[in-house]
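Computed from a predicted model, the values in this text were never measured in an experiment. Just so it is clear: chains get the letters A, B, ... in the order the sequence lines come, proteins before strands, and each one is counted from 1. Excluded from the calculations below are hydrogen atoms, water molecules and symmetry mates; all remaining heavy atoms, backbone and side chain alike, are included.
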Amino acid sequence: MSEVPDSYDPDAAEQKWHEEWADSDVYSYDDDPERPDYIIDTPPPYPTGNLHIGNALGWCYMDFAARYHRLKGDDVLFPQGWDCHGLPTEVKVEENRDIHRTEVSREQFREWCIEHTNDQIGAMKETMGTLGFSQDWNHEYRTMDPDYWGETQRSFVEMASDGYVYQDEHPVNWCPRCETAIADAEVENEDHEGTLYYITFEGVGNDDIEIATTRPELLAACVGMAVSPDDERYEDRIGDTFEVPLFGQEVELIADDDVDGDFGTGAVMICTFGDKQDVDWWVEHDLDLRPVFTEDGKLNELAGEFEGQTIDEAKDAIATALQKSGHLNDEEPTEQSVGQCWRCDTPIEILSKEQWFVRVDQEEILEQAQAVEWFPEHMYSRLEEWTEGMEWDWVISRQRVFATPIPAWECEDCGHVHIADSEEVPVDPTTDEPAVETCIECGGESWTGETDVMDTWMDSSISPLYVAGWPDADFEPVQLREQGHDIIRTWAFYTILRTAALEDTIPWEDALINGMVFGEDGNKMSKSRDNFVQPEEVVEEYGADAFRQAMALGGQPGSDIQFQWKEVTSASRFQTKVWNITKFASGHVDESTADITDPAYRDADEWILSKCARVAESVAEDMEEYRFDSALREVREFVWHDLADDYLELVKGRLYEGRPGERKAAQHALYTALTASLRMLSPFAPFITEEAWSHLPTDGSVHNAAWPELPEGDTETERRGELIAAVAATVRGWKSDEGKPLNADLDRIEVYLDEDLPLDTYDLADTVNGPVYVEQGRPNIELVPVDVDIEHSELGPAFRDQAGAVIGKLEAADPAELQAELETEGHVEFDLDGETVTVDAEMFDIVEEQRSESGEEVVVLEAGDATVLVVE
RNA sequence: GGGUCGGUGGUCUAGUUGGUUAUGACACCUCCUUCACACGGAGGAAGCCGACGGUUCGAAUCCGUCCCGACCCA
């Protein structure tokens, strides 16, 4: 506890606490068997070197949850990993060093990739620290480290022995630029303007036929043609044979339900392979295989004179040739959806190659996914839809370098493929020999190591297993996965698949899905739109706490949020408020405050403490459900309006000049409510709360404190306190309206209540600056009933379809007569179509006004249930 | 084409187990320097709660149709 500076300097405080925390163990996971675990499966980001605002949103959510659960007493593990492997790094290294990866050894290339990755990680860690994220850096991991990718290999080996992993030749998505197979999840469909070519195929012993295609470059790969069986134009032509123009192979016309008769001429060509549909037809109708594309996206020898041209070149050249030969009848623009590599946007091809696959068991995955609790709930349907639409198994082999090696060798004598034993990992088959010396099939002793490597998702999809200590510890699902909705089909999907396959359970209990962060103009952030905001910019201007609050209040978790500078501004103002409250309080409390026994609480104290207790409970409920927006809103509301505006004003008198016992009660209540508020706020604003905490007579770090648990006070006392606060606020408002200073003297005020409620006038009198008299009943001034205020929620259900008519009667009646009847009878009666209806007192109120000509020096105010008379 | 989410004062946002007077923030206007705070306080203007229809005594909230936007999938 020390002198509190007049203003809060976020830069200095954040810097100070960031360093202090780094050297302490406030955020360390204790692996304490006595306390419940709260383990977060933190996303291992790709080390791009830049933690953007979208990442920051997700990390804010995790940090809110981590900090809240620490206060709740859970043993929190908030680790941080890095998903290092992958193509972008390879490309970056090639660029930076101006080489092609094949020009150096695999080892050298890998070395450079690791070096590059480490630099990128450093930059991102710094941003994480700036933003106040509370990872336990003793639990950092990098998927490129052997002790991580060794586990990736172990998981591969286990899945192979359980029949999940297999090797096969099957058509796969192929990126001709990256020159590797890619999984369905890594293909994105984009709409493009293309050209639809109408081409005549000459009949062989029958009439010609005209087909429409957007891909004439595939003519050499044509192995069939198809029409819809319901298409009358081609009714008698199924089985006819045609010659493929320019290339000469003969193909047959088949009927298939999947042909869209409305597209083009209703006849299409089947190639190996234009798209997945072609693969289906190829399998179903047992067609020939005529692969015409090379791995680097060119045409091969089957294309004859077009061999060696790129796909784009060949498209034009073949169209021109068709024109010359008279086969091209027409061309027109058309909308087409093109599958592209999600990393480089190159249109993908489908090639049939020997690859490694992971079997996709849709049912098993969905069963597990349903057992996970999704926040928001509807995010599950994203996963469900994707899973149900899966057509192909997951191809996990990549023809690249910087990735986890597939631990397998092929016997050079008999071709038998040997997969490493789980004791052997980590192992690189391109440099290491298998542990078995001879081939179990043929006894051969020469092995060729597998050069294919694994899909990077094979690394990251064991992250919950890895952070939970697998395989050394029995795997229990961790508590939280937080991620963006854009990677549900990849990271979430693969993680569920892998955990089901390896451990037959769910990876995590809760899946919290964050939305995207848009720019202030509501559009996606982009440099060209000039709506790009970096977290660091915000921190520089307003501090990390303000940034974090803005992220929390941007919207409910799951929905996309728009970054708003004004949210940052208002957060910053709120912090000033918190600071000033702390400054005020620190002048009134000392080391002995917390230990005051049996404080003689007055009504105001009871009120703020029970209110605080309820807020703490309700905020905790929100935090459990990851409703960060409403949690923070509620804390702010409490701190600003209840604690600062109302309570502080009420107890100033006692604090400044109360008798010792009365003063001590106020000090104790203030101390309790304020420190509870700081704790509730600390997940959102870790720096200012820590700084404020350190200026109050408290122990240790606010982040190691306990979530506030206050006893629920007596409700009657609380109601009295609330009424006092309401009267004080009303008088304050009136003074302001009258242009009077808040401390203006009043002759007296009289508070009239319908019931006998012994209000504690001590604080109130001091606050309004005049003596206070509490009376039961109605003030002795001339009040005129002017209106009825109908209580629809009481009246509506009671009268149902008569409600409209009853309301009409009440509104038409003279309020004075209603009041008279009410006072004598306790209810009012109406005649409704010959029927007498009784309207009870709780169904309406009579609104009264002071008669304007009274001319007295008296002001009548309404404060909650009380009528307040002010005499100047 | 299928699916999901959303459409609330100028802007962003809360509220949807139905209750008639819709929350807060930012911006705007007016007033107020009072012993934590003018980055404050008190107040004001500003909404046909996307449109239409239905259910109901009563609809931002429930149902239907449509329009618009975002995202996912084909």
Side-chain angles (χ1 to χ4, degrees), chain A residues 4 6-8 184 188-189 191 260 275-277 337 339 376-391 484-486 488-489 515-516 518 520-524 542 546 549-550 553-556 558-588 627 629-630 633-634 636-637 640-641 644-645 648-649 652-653 655-657 670 674 729-744 767 769 789-808:
Chain A
V4 182
D6 277 348
S7 62
Y8 174 68
D184 284 349
E188 275 173 355
N189 293 295
D191 287 336
D260 175 8
D275 54 23
K276 276 190 169 178
Q277 180 68 67
S337 174
E377 220 179 319
H378 66 81
M379 288 298 177
Y380 164 76
S381 64
R382 288 274 180 102
L383 186 114
E384 182 182 69
E385 207 187 323
W386 173 255
T387 307
E388 285 172 349
M390 291 291 284
E391 291 178 53
H485 64 59
D486 52 335
I488 288 177
R489 67 178 185 175
M516 303 292 111
F518 295 119
E520 246 186 331
D521 58 359
N523 292 306
K524 246 182 205 156
Y542 293 96
Q549 289 191 59
L553 287 177
Q556 359 184 320
S559 58
D560 293 337
I561 73 167
Q562 216 161 311
F563 175 78
Q564 299 280 323
W565 279 104
K566 60 192 175 125
E567 287 289 6
V568 184
T569 310
S570 85
S572 171
R573 285 183 192 164
F574 172 63
Q575 287 172 194
T576 305
K577 192 62 149 176
V578 170
W579 189 251
N580 284 311
I581 298 169
T582 305
K583 193 168 59 165
F584 172 80
S586 76
H588 294 282
R627 281 299 308 265
D629 58 324
S630 91
R633 238 193 324 273
E634 194 170 357
R636 274 203 201 180
E637 167 78 23
W640 202 315
H641 296 114
D645 286 349
L648 239 53
E649 294 303 331
K652 271 181 183 170
L655 288 171
Y656 282 115
E657 53 217 31
L670 173 61
L674 175 57
T730 302
V731 173
R732 186 171 355 124
W734 170 76
K735 282 185 179 173
S736 175
D737 281 347
E738 295 296 306
K740 297 177 189 305
L742 273 189
N743 58 359
T767 306
N769 212 8
D789 187 7
I790 292 154
E791 205 50 63
H792 293 268
S793 58
E794 293 285 348
L795 191 148
F799 290 102
R800 313 292 298 171
D801 53 348
Q802 286 181 310
V806 175
I807 291 168

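A/Glu738 comes within contact range of no nucleotide atom at all, as no heavy-atom separation falls under 4.0 Å. Using a 4.0 Å heavy-atom distance criterion, A/Lys735 is classed as making no nucleic acid contact. Among the atoms of the strands shown, none is found under 4.0 Å from any heavy atom of A/Arg636. Among the heavy atoms of the strands, none lies under 4.0 Å from A/Ala744.
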Could you run through nucleotides 53-58 of chain B and give me one letter per nucleotide, 5' to 3': B if any protein heavy atom sits under 4.0 Å from the base, S if only the sugar-phosphate is that close, - if neither?
----B-

When you check every protein heavy atom under 4.0 Å of nucleotides 67-74 of chain B, what one-letter string (B, S, -) results, 5' to 3'?
---SBSSS

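Under the side-chain contact (heavy atoms from CB on, under 4.5 Å) criterion, A/Lys577 pairs with A/Ile581, A/Trp640, A/Ala644, A/Asp645, sequence neighbours left out. Partners of A/Thr387 according to the side-chain hydrogen bond (donor to acceptor under 3.5 Å, both in side chains) rule, which considers only residues two or more places apart in sequence or in another chain, do not exist here. Scored by the side-chain hydrogen bond (donor to acceptor under 3.5 Å, both in side chains) test, A/Glu384 finds A/Tyr380 as partners (sequence neighbours excluded). Annotation: side-chain contact (heavy atoms from CB on, under 4.5 Å) contacts of A/Asp260 (sequence neighbours excluded): A/Asp262, A/Phe263. Contacts of A/Lys735 classified as side-chain hydrogen bond (donor to acceptor under 3.5 Å, both in side chains), with partners at least two apart in sequence or in another chain: none. A search for side-chain contact (heavy atoms from CB on, under 4.5 Å) contacts involving A/Lys524 returns A/Phe518, not counting sequence neighbours. Residues meeting the side-chain hydrogen bond (donor to acceptor under 3.5 Å, both in side chains) test with A/Asn523, sequence neighbours left out: A/Asp521. Applying the side-chain contact (heavy atoms from CB on, under 4.5 Å) test to A/Asn189 and every residue at least two apart in sequence or in another chain returns A/Ser337.
Atom-to-atom, CD1 of A/Ile561 to P of B/A14 comes out at 11 Å; the value is rounded to the nearest Å. With rounding to whole Å, A/Leu674 atom CG is found 16 Å from B/C37 atom P. Between the P atom of B/A25 and the CG atom of A/Leu553 lies a distance of 12 Å, rounded to the nearest Å.
Listed for the A/Glu520 side chain is no donor-acceptor partner under 3.5 Å among the backbone atoms of A/Gln564.
With salt bridges taken as basic N to acidic carboxylate O contacts below 4.0 Å, one links A/Arg489 and A/Glu188.
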With pairs defined as Watson-Crick or G-U wobble and both distances under 3.5 angstrom, please note down RNA chain B as a dot-bracket string, | for pairing with another strand.
(((((((..(((......[....))).(((((.......))))).....(((((..]....)))))))))))).

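More than 12 heavy atoms of other residues, nucleotides or ligands lie within 6.0 Å of CD in A/Glu388, so this atom counts as buried by the packing criterion.
Ring-plane geometry between A/Trp565 and A/Phe563 is classed as perpendicular, the angle between the planes exceeding 60 degrees on a 0 to 90 degree scale with a lower cut at 30.
At B/G15, one or more side-chain N or O atoms of A/Gln556 fall inside 4.0 Å of OP1 or OP2 (strictly under the cut-off).
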Check: protein-nucleotides 39-41 of chain B nitrogen or oxygen pairs below 3.5 Å:
from	atom 1	to	atom 2	distance (Å)
B/C39	O2	A/Thr576	OG1	2.8
B/G40	O3'	A/Lys577	NZ	3.3
B/G41	OP1	A/Trp640	NE1	2.4
B/G41	N2	A/Ser736	OG	3.4

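Within 3.5 Å, no donor on the side chain of A/Lys740 pairs with an acceptor on the base of B/U34, nor the reverse.
For A/Gln562, counting side-chain heavy atoms from C-beta on, the closest listed nucleotide (B/G19, B/C12, B/C37) is B/C12.
On the C1' atoms, B/A45 is 16 Å away from B/C26, given to the nearest whole Å.
For the pair A/Gly554 and A/Thr569, both in contact range of RNA chain B, the more 5′-proximal nearest nucleotide belongs to A/Gly554.
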